[in-house]
2 protein chains.
Amino acid sequence: MSTPQTRRKTRTDAERNRDRVLEAARALFAEFGHDVQMSEVARAADVGIGTLYRKFPTREALIEAIAEHRAAEIVATARRLADTDDPAQGLAGFLHHVGEVLTGDRGMSEVIEKVMGSAEPRGETREALLAVVAELIDRARVRGTVGQDVTAGDVNMVICGLAAVIRNAAGDWRRYIEVALDGLRPR
Amino acid sequence: MSTPQTRRKTRTDAERNRDRVLEAARALFAEFGHDVQMSEVARAADVGIGTLYRKFPTREALIEAIAEHRAAEIVATARRLADTDDPAQGLAGFLHHVGEVLTGDRGMSEVIEKVMGSAEPRGETREALLAVVAELIDRARVRGTVGQDVTAGDVNMVICGLAAVIRNAAGDWRRYIEVALDGLRPR
DNA sequence: CGGAATCCGGATTCCACATTCCGTATTATG
DNA sequence: CATAATACGGAATGTGGAATCCGGATTCCG
């Protein structure tokens, strides 16, 4: 009913513009974080504000699209690390990867904090992330690098803290990870 | 020159109002964090907006006043812990106290993050805090509960993360402290 | 080509707040 | 008390920024 067969192919410029917007938004949010303005995004994408709003009906929608993208990347890497059975990688490698990403993406570090916290309605991707983390923990446990009692929730907290440390430049985040990892090791 | 001897005593009601405002603001910011409105503060204090602004010429000024107050309390407690040479207290006790305070004061946990990060112009109190933390670390080091290489910066990071964990309800913050403390212990 | 169907741009509307202004009310002095 | 000095309240103003609207430009399709 919502698809009258009289449907033309989506205009090519429309599609192109959508990509432009996403790309520009990604760059802007990565550099300046949550407080870039819609008009700035539009300008950077070399697109009218109207267009921007047709693609993403809401500021929030735009941010979500970007975040989802980055999150998916992270999950992908995590899964790779989980599969490769390299002792030098695993949980440690994952945390460092997250740190690396957040360092170059201020907006993401702002989002991660919230996402790792309260069980928000951030569906699929969040689930996927939790799953991989759980797997990483299992492997680490077997290998003896983390205690039996360590949970995915613990790692969540660590990541939440990591994001804050990076976002506020509160110190050397690699050192933070080191400390956290030591803290998770079996007694 | 700025004190023409023709100076009456400050009106008593003025003084009383200032207290009311501070008290109301404290409560409001503690519960709702950074986004309470000036008008709400005024209403809660049962005072006109104009008055509120005579006491604190700026939203920021108000927040700063509140934060400074809380920070001073924390420093005081910290110093007490540092003096009491109770092994069960010290650094651990301090972190738990901070956690307790932040749990009941959302606004503060928002501020702490920033303050612990970038060497902002938050003068005296910040200095004092750093000093006590340093002292707590020294004692802990002597007692052997933290490694030789642990610095005040490390504790800063931990606190910054703690604030984030609490603010986002990302898990059990007592557990977080436990992990952090374990991570700081000597090898 | 021709003319829908779609999409664009960006001025404009709306809204949520901080901050200012000023006429009125209250307090301290003599 | 009288009166100057202060303080008060809260409507009015200013501002920043998201979201809407619509005449004009483009693109698709026969």
Side-chain angles (χ1 to χ4, degrees), chain A residues 1-29 31-67 106-107 110-111 114, chain B residues 1-26 28-29 31-67 106-107 110-111:
Chain A
M1 55 175 72
S2 62
T3 313
Q5 56 286 74
T6 336
R7 176 128 265 155
R8 293 185 174 190
K9 186 196 354 170
T10 15
R11 275 219 227 161
T12 50
D13 60 333
E15 206 160 349
R16 174 163 43 78
N17 277 340
R18 187 189 154 92
D19 293 350
R20 279 179 147 187
V21 168
L22 260 181
E23 196 173 352
R26 234 171 253 145
L28 248 33
F29 276 100
E31 181 163 6
F32 304 108
H34 184 276
D35 51 0
V36 308
Q37 296 166 212
M38 294 305 263
S39 59
E40 292 185 289
V41 173
R43 196 175 330 126
D46 198 33
V47 144
I49 314 184
T51 300
L52 168 49
Y53 271 92
R54 184 149 333 85
K55 309 306 184 187
F56 304 91
T58 274
R59 175 195 172 73
E60 203 180 344
L62 176 58
I63 293 183
E64 191 166 312
I66 299 176
R106 161 146 207 168
E110 289 173 353
V111 168
K114 292 183 179 131
Chain B
M1 54 175 75
S2 61
T3 312
Q5 55 286 74
T6 335
R7 179 128 263 157
R8 295 184 172 196
K9 188 198 344 170
T10 16
R11 277 218 226 162
T12 51
D13 58 336
E15 205 160 349
R16 174 165 43 79
N17 278 340
R18 187 189 156 92
D19 293 349
R20 280 178 145 189
V21 168
L22 260 182
E23 195 173 353
R26 235 172 250 145
L28 249 31
F29 276 100
E31 181 164 6
F32 303 108
H34 184 276
D35 49 1
V36 308
Q37 297 164 214
M38 293 306 263
S39 59
E40 292 185 289
V41 173
R43 196 176 330 128
D46 197 33
V47 143
I49 315 184
T51 301
L52 168 49
Y53 272 90
R54 182 146 336 83
K55 310 305 184 185
F56 303 92
T58 274
R59 175 195 172 72
E60 204 180 345
L62 176 58
I63 293 183
E64 190 165 313
I66 299 174
R106 162 149 204 160
E110 290 174 352
V111 169

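None of the values given here were measured: they were computed from a predicted structure. In what follows, every chain begins at residue 1, and chains take the letters A, B, ... in the order their sequences are listed.
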Between [options], spot the one nearest the side chain of [X], thanks.
X     : options                : answer
B:N17 : D:dA7, D:dC8, C:dA18   : D:dC8
B:D13 : C:dT19, D:dA18, C:dT26 : C:dT26
B:I49 : C:dT19, C:dG9, D:dA19  : C:dT19
B:K9  : C:dT19, D:dA19, C:dT29 : C:dT29
B:Y53 : C:dT19, C:dC17, D:dG9  : C:dT19
A:A14 : C:dA28, D:dC29, C:dC8  : C:dC8

Roughly how many Å is it from [atom1] in [X] to [atom2] in [N], rounded to a whole number?
X     : N      : atom1 : atom2 : result
B:Q37 : C:dC15 : CD    : P     : 15 Å
B:M38 : D:dG9  : CE    : P     : 14 Å
A:R43 : D:dG17 : CZ    : C1'   : 13 Å
A:R16 : D:dT26 : CZ    : P     : 12 Å
B:R18 : D:dC8  : CZ    : P     : 12 Å
A:R20 : C:dC8  : CZ    : C1'   : 12 Å
A:E40 : D:dG16 : CD    : C1'   : 12 Å
B:D46 : D:dC8  : CG    : C1'   : 12 Å

Could you tell me whether the phosphate oxygens of D:dC28, OP1 or OP2, come under 4.0 Å of any side-chain nitrogen or oxygen in A:T12?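 A:T12 to D:dC28 OP1/OP2: side-chain N or O found under 4.0 Å.
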
Rounded distance [0.5 Å steps], [atom1] in [X] versus [atom2] in [Y]:
X     : Y      : atom1 : atom2 : answer
B:F56 : B:E64  : CZ    : CD    : 11.0 Å
B:R54 : B:R18  : CZ    : CZ    : 13.0 Å
B:H34 : B:R106 : NE2   : CZ    : 11.5 Å
A:K55 : A:R20  : NZ    : CZ    : 11.5 Å

Look at the side chain of B:R8 against the base of D:dA4 and say whether a donor-acceptor pair falls under 3.5 Å; ignore hydrogens and angles.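 Indeed, a donor on one side and an acceptor on the other fall under 3.5 Å apart.
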
For DNA chain D, whose closest nucleotide is more 5', that of A:T58 or that of B:L52?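 Going by which nucleotide is closer to the 5' end, it is B:L52.
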
Both A:S39 and B:T51 contact DNA chain D. Which one's nearest nucleotide lies toward the 5' end?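 First, find each residue's nearest nucleotide; the 5'-ward one identifies B:T51.
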
Can you confirm whether more than 12 heavy atoms, excluding those of A:E40, are under 6.0 Å from its CD atom?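 Counting other residues, nucleotides and ligands, CD of A:E40 exceeds 12 neighbours.
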
Identify, between B:T10 and B:R59, the residue whose nearest nucleotide on DNA chain C lies closer to the 5' end.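 Result of the comparison: B:R59.
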
Under 4.0 angstrom, heavy atoms only, what part of the nucleic acid is B:R54 near: base, sugar-phosphate, or nothing?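 Base contact.
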
